[in-house]
Each structure stands twice: as structure tokens, then as C-alpha cells.
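A short write-up of the structure that comes next.
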Amino acid sequence: MTHVLQNVVFPLDRDPDLLPLYVDPETWSVIDEEPVRVSNRAQLGNILDRRRARVLAGRRVSFGTYFNAFPASYWQHWTPVRDVRLTVRTSGPATILVYRSNGSGARQRLETREVDGVTSSDFDVVLDQYSDGGWIWFDIVADEKNAVFEGAEWTTEQEPVREGKASIGITTYNKPDYCIWTLKNLAEAPEALEFVDRIFIIDQGDKRVDAQELFPEVAAQLGDTLQIISQPNLGGSGGFARAMAETLERPESGFVQLLDDDVRIEPESIRRSIVFGRYASVPTIVGAHMFDLLDRPKLHAWAEVVDDVPFMWRALYQEKLPHDFSASNLRQSKMLHMRLDSDYNGWWMCLIPVEALREVGLSLPAFIKWDDAEYCLRARDAGIPTVSMPGVALWHVSWVGKDDTIDWQAYFHARNRIVAGLLHSRVPGGGTLLRHSRRVDLKHLMMMQYYPVALRHRALRDVLSGPAHMRGNLATAMPAARALQKQFPETVIIKDTGVPMRSRRGRQVFKQQKRHDFDSPTGLRLRWFTASTLIAHWLHKPKPENLAHPEVEFGKDDAHWWRLPVFDSALVSAADGSGKNIYTRDRAKYRRLLVDTVRLHRRLRREWPRLSEEYRKALPGLVSREAWQTTFEESK
């Protein structure tokens, strides 16, 4: 029996920014070691439908793109599939060229075939030379007349390792319009729905999805596949845990596909992730990459890892992100041809096999932040890997216009990282985790950001109180954190009123040569700067004139921890550009919070071994299906 591993598709939207991710109708050359675009005939008018496109006479179109090349190295490494067939259907005179790459991005031609008329061309490839990386793709060149690409797919005769459809779990909080869009696209994608058992919308807000004008139409299309579940706001972890629990009740579901609400999907990616999960040699978590919803050719997240010593997450080759496919296509981007192995994947889109749910439990009751990373680390320890799969992706609002480390989410950033470290750190005392945590406090204090420090201290006290607090404050921690804002005037965003708000000394502007080139102090200079600043803020009161009116102004990108501390007050642009915050030095708050920082981190370091043992013993009870079921019942 023939099984389709991957379909060649074109964008759902007629959006020219999306075209480089699907098809490359351009010729590139290299002049003075720089890539140069020789021909630019990318026209949406040549995309005939979701599967077909016109190739103009004398032109060449490459399918060596993010969504349409075949990620051979991942299939070779993570599955037993070795024989794959590429089938390309065309009409008209054309030449089909099949290529492969290796882990270094070097291109090699596998086969060339001239075709005419209505033709179906098969190319058999063996997956035996892609251990380090590499893709397979094809180009089509039209001859003296226009040709039409009629569709293509990658197939195998090999049977999958496991069966089962996926239940999709979408957790939402007051973003019903996004959910309707996702449901509509799923309803119009039968090739994806073929692999879907249930779609669970876990609605935790008061702007309900089923109250939207378009909901009846979409619900009628999806029928019994769609199920709306309402519950109080238990955060992402509570919503996804509900989807996990519901999936375990479905005999036909072999996986749960977690999706964020504020996303735009590529239905083929849903299909690909489930198919890959079915073929994986062992039960495997299949994660998706993330593109920027507001700048759609830019890839913002791929394979992510947790470094043991600082116990902190990051993307592999983080300095290369975001990657702009409109400027550098897949064939030009040699690093993207490597096989990148991950520790975890964000839950913007992540497929989890039911074997993992049964073996390691459901989500940690963390509300938000670190629940995805902690789950994948827990699964890793049980022998269940996570694969961050190229060609499987969606669009999500990136963090370019956000800074959630200084709002109410600072509590969850601090608490959940430390809890995850207590559970999974393989380094005594968590390595440098606590030193880094203390350093984060000091930076916020020097920048006159007292609210996130107060939240971080609340987080540390809760961690010290023991694991029971996590389920105990699941529904109350977020409202409590937001209520604390009232005590910190720097959290107020001052909106533009038509009259520009000015500082006494004007805006401070700094020249930055390169993206990651900063003038931050290092070495002995860093130690001296930190010590002298902490002492100065402890000893000296701010000048009255600087309290009455902001002393200076900073753009968000210039407001770094080594620049703000030399002033008594500063007017700083909000991350999303919606207004400005006024940071003002408060010696009393600073002194109290600095003392608490030292005391809490010292106590946490001293009690780390005991706490680690306590949290690890409590983990099965925190993540069990029965415990979550009790939480769901109590929250009705």
C-alpha cells in the first residue's frame, strides 16, 4: 500500500510574502561572493490552486523551499523508512531535475528527465546518505511553451510503525477570531482531517468561540469532530492538560496535537507531523517551527535546547534567528541543511503520542512558561525524544514586540524555571541557575524595574513552600500577580495624547554596529560597574527634579541594564510601541528588595538538595490524570 509522507502545496493565502516558503520561481547567481537575484518573475497569478502552478516558457521554478523540499535527514535518522518515491505530474514540455543536499548544504543532482504532454514521473530515492543532514527537492524548467505543474507528493510503500489519529487541543483565552480561522482552514483541508479524530477547543475566556458569527457554519462543516469545552482560566498548562486528558478517552487517538490559539496554520503541517509521528521508530514528540505572524517569511524558532549548567532554554544557533526566507532561500542557507536535534519544542504546535501521556503524565500545573520544556525533558528521561521538524510550522506572533519578563509573567518565568531545574537539572545545585537568577534581580533593580523583582521574590517564596503550592495557586497566581501592579507606578503605560512627553535631558541614542554588538561592560569592568551601581543606589537619594520629571528618554532597544542605572529616572518606550513607561529610582523599595534578593537566593541554595528531592517525589502526583481531573471538577 502506498502512503503519502508529504504533499507539495502552495499557500492558502494569496500573499506574495509567503511565496518564498513554498516555491522559488527565480534564478540566483553569486557576484563578489554575494547572492544576487537575476530574475524576478514571482507572480501569484501563476499559482493556479493549492496543488497546481504554471511554469512560464523559458523559466525555471525550484521546489527546494522550506515547505516543499523533503527533509531526508530527519526521516532517515528518526524513522525506519529508507525507500521513498517522488511523483511529479506535469502537462506540457518541461525538464524535471531532482537534487539532494548534504549536511553542509552542498548540492548534488540525482536525476534529470525531459517530459512532454500529460505526464506522471516517478523518482525513487534511498535514504542512506543523510545522517548529518540534507534535503531532497526538484526543479521544473519549461521549454519553448508554458508548462503546468499538476501536483507532486513523496510516498513510501513501507507501513507505519504505529496507527492512530490525532486529537487536536487548542487552548484559548479571549481570542475567538483566531480559533475560527484555524477551524475554517481545518474544515477545508480533508487531507489533514483524514488524520484527525477530535478537535478540542478548551475555551477559558469570556469571549466564547461558539458565540462568534461564523461558528455555526464552521461547526456544521466539522460535525462531531469538533468539541467545545469550557473551563476557568487555568493557563496554557491547564488547557493543554485538559486536551491531553480528553485525548486519553479517545480509543482512536494515538496522539494529541497541541496548538496555540493566536496562530495561523498550514494544514499540510498538521498532516505531516501526524504522519511522521506514526513512522517514528520509537514514540516521539514532533514539534513545529514558528514563523512570525506579522512578518511571515521570517522563521523565529527552530530546534530548541535547555543548557544544563545555567538551566536555561535557547535555540540552537540562536544568533542566526530570525531567518528571513525572502532574503535567503533554503538552498542558499547552508546551516538549514544540518540535522538540528532538540531537547523540547514550544507548545504553539506540538504532537505528543499517547504513550508519553501514559508513561510520564500530563502537563505540570505551571499555568504558563516552561510547561512545554519541562514536559519534553520529562519525556526525554523516559526515552521519548523530541524532534523539531522542518517543513512542519505555523505562524505565531513573535516576541519582537513583547517583553514578558517585566510584566505579570515574571512570576512564572522565575518560579517555573527553578521548579524545572529542581526536577531535571543534572548538575549539583542547579549549576549556575541561582547565580543567574540573582543576577536577573540585580539588573532589574539597577534599571528601576521593581515590579518584576517583587514578583520573582514571590515566586521564590512559593518554591520554598513546597510543591503543593503549584496546584494550590493554579487559578489564583496570575490574578494576584496582576493585582500587585498597582503598587508599582512604573508599570503604567502612558499613552500618546497628541502632546509629546519629554524628558529633561532629551533622548539618549547609541550607535550599534552589528545586531549583537553591544557596549556592555565585561570582566573587571562589569564587576566594578555592578558593585559601584548597587552601592550608589543604596546610599544616594535621587534628585528631586528627576523625581518630578523624567531625566532622560530611551528607545526600548537602547534601554539596557548598563545604561539606565546612571540616571535617577527615565522615560522608556514600551516594547510594543503603545506608549512609554517612567522608571524612577525608589531607594526604600530598592533597599528592601535587594536584601530580599540576597536572603531568598541564599536560602534556596542552602535548601536545594532537600527541595529537589521533595519536588521529584511529588511530580507523579502533580502531573497525574487523576489529579488534573480533580482540578477540572473543582474548577467548574
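The figures that follow rest on heavy atoms only: side chains count, while hydrogens, waters and symmetry mates do not.
Ring centroid separation for the pair Tyr411 and Phe367 does not come in under the 6.0 Å cut-off. Taking the six-membered ring wherever Trp is involved, the centroid distance between the rings of Phe325 and His323 falls below 6.0 Å. Residues Trp347 and Phe240 bring their aromatic ring centres within 6.0 Å. With ring centers used as reference points, Trp408 lies 6.0 Å or more from Tyr451.
Not a single donor-acceptor pair under 3.5 Å links the side chain of Thr533 to the backbone N or O of Thr530. For the pair Gln257 (side chain) and Leu351 (backbone), a donor-acceptor distance under 3.5 Å is present. For Arg272 (side chain) and Pro390 (main-chain N/O), no donor-acceptor pair under 3.5 Å exists by modelled atom type. One N or O on the side chain of Arg587 and one on the backbone of Leu539 form a donor-acceptor pair closer than 3.5 Å. Side-chain atoms of Gln318 come within 3.5 Å of backbone N or O of Ala315 as a donor-acceptor pair. Side-chain atoms of Gln231 never come within 3.5 Å of backbone atoms of Ile202 as a donor-acceptor pair (strictly under, hydrogens ignored). The backbone N or O of Gly466 sits less than 3.5 Å from a side-chain atom of His469, completing a donor-acceptor pair. Without hydrogens or angle criteria, Tyr173 side chain to Gly236 main chain gives no donor-acceptor distance under 3.5 Å. At distances below 3.5 Å, at least one donor-acceptor pair connects side-chain atoms of Thr631 with backbone N or O atoms of Ala627. Between the side chain of Arg314 and the backbone N or O of Val305, no donor-acceptor pair lies under 3.5 Å.
Ion pair Asp462/Arg415 not flagged as a salt bridge, since none of the NZ, NE, NH1 or NH2 atoms sits closer than 4.0 Å to an Asp/Glu carboxylate oxygen. Ion pairing of Arg592 with Asp586 is absent here, as no side-chain N (NZ or NE/NH1/NH2) approaches a carboxylate O to less than 4.0 Å. The pair Asp308-Arg426 meets the salt-bridge criterion, with a side-chain N (NZ, NE, NH1 or NH2) lying under 4.0 Å from an Asp/Glu carboxylate O.
Shortest non-hydrogen contact noted between Ala366 and Ser237 is N-OG, 3.2 Å. Contact between Ile418 and Leu604 at its shortest, heavy atoms only, is CD1-CD2, 3.9 Å. Between His289 and Leu299, the shortest heavy-atom distance links the atoms CB-CD1, 3.7 Å. The two atoms that bring Ile170 and Asp261 nearest to each other are CG2-CA, 4.0 Å, heavy atoms only. Minimum heavy-atom separation, Pro385 to Val282: CD-CG2, 3.8 Å. Taking all atoms of both residues into account, the shortest heavy-atom contact from Leu377 to Asp343 is CD2-CB, 4.3 Å.
By the 6.0 Å and 45° rule, Arg339 does not stack over the aromatic ring of Tyr130.
Within a 6.0 Å radius of CZ in Arg82, more than 12 heavy atoms belonging to other residues, nucleotides or ligands are found.
In summary, the side chains of His457 and Thr597 do present a donor paired with an acceptor at a separation below 3.5 Å, with no hydrogens or angles considered. Judged by distance alone, the side chains of His396 and Asp262 do bring a donor and an acceptor atom under 3.5 Å apart. No hydrogens or angles considered: nothing links the side chains of Arg461 and Ser465 as a donor-acceptor pair under 3.5 Å. Side chains of Ser253 and Thr247: no donor on one and acceptor on the other come within 3.5 Å.
For the side chain to side chain contact (heavy atoms under 4.5 Å, CB included) test, residues two or more places apart in sequence or in another chain that qualify with Val440 are His436, His444, Arg456.
Here the NZ-CG distance, from Lys443 to Asp441, works out to 11.5 Å after rounding to the nearest 0.5 Å. Atoms CG and CG, on Leu422 and Leu619 in that order, are 11.5 Å from each other to the nearest 0.5 Å. To the nearest 0.5 Å, atom CZ of residue Phe554 and atom NE2 of residue His560 are 10.0 Å apart.
The aromatic rings of Tyr66 and Trp135 lie tilted to each other, with the angle between the two planes from 30° to 60°. Between His413 and Trp313, the ring-plane angle classifies as perpendicular under the 30° and 60° cut-offs.
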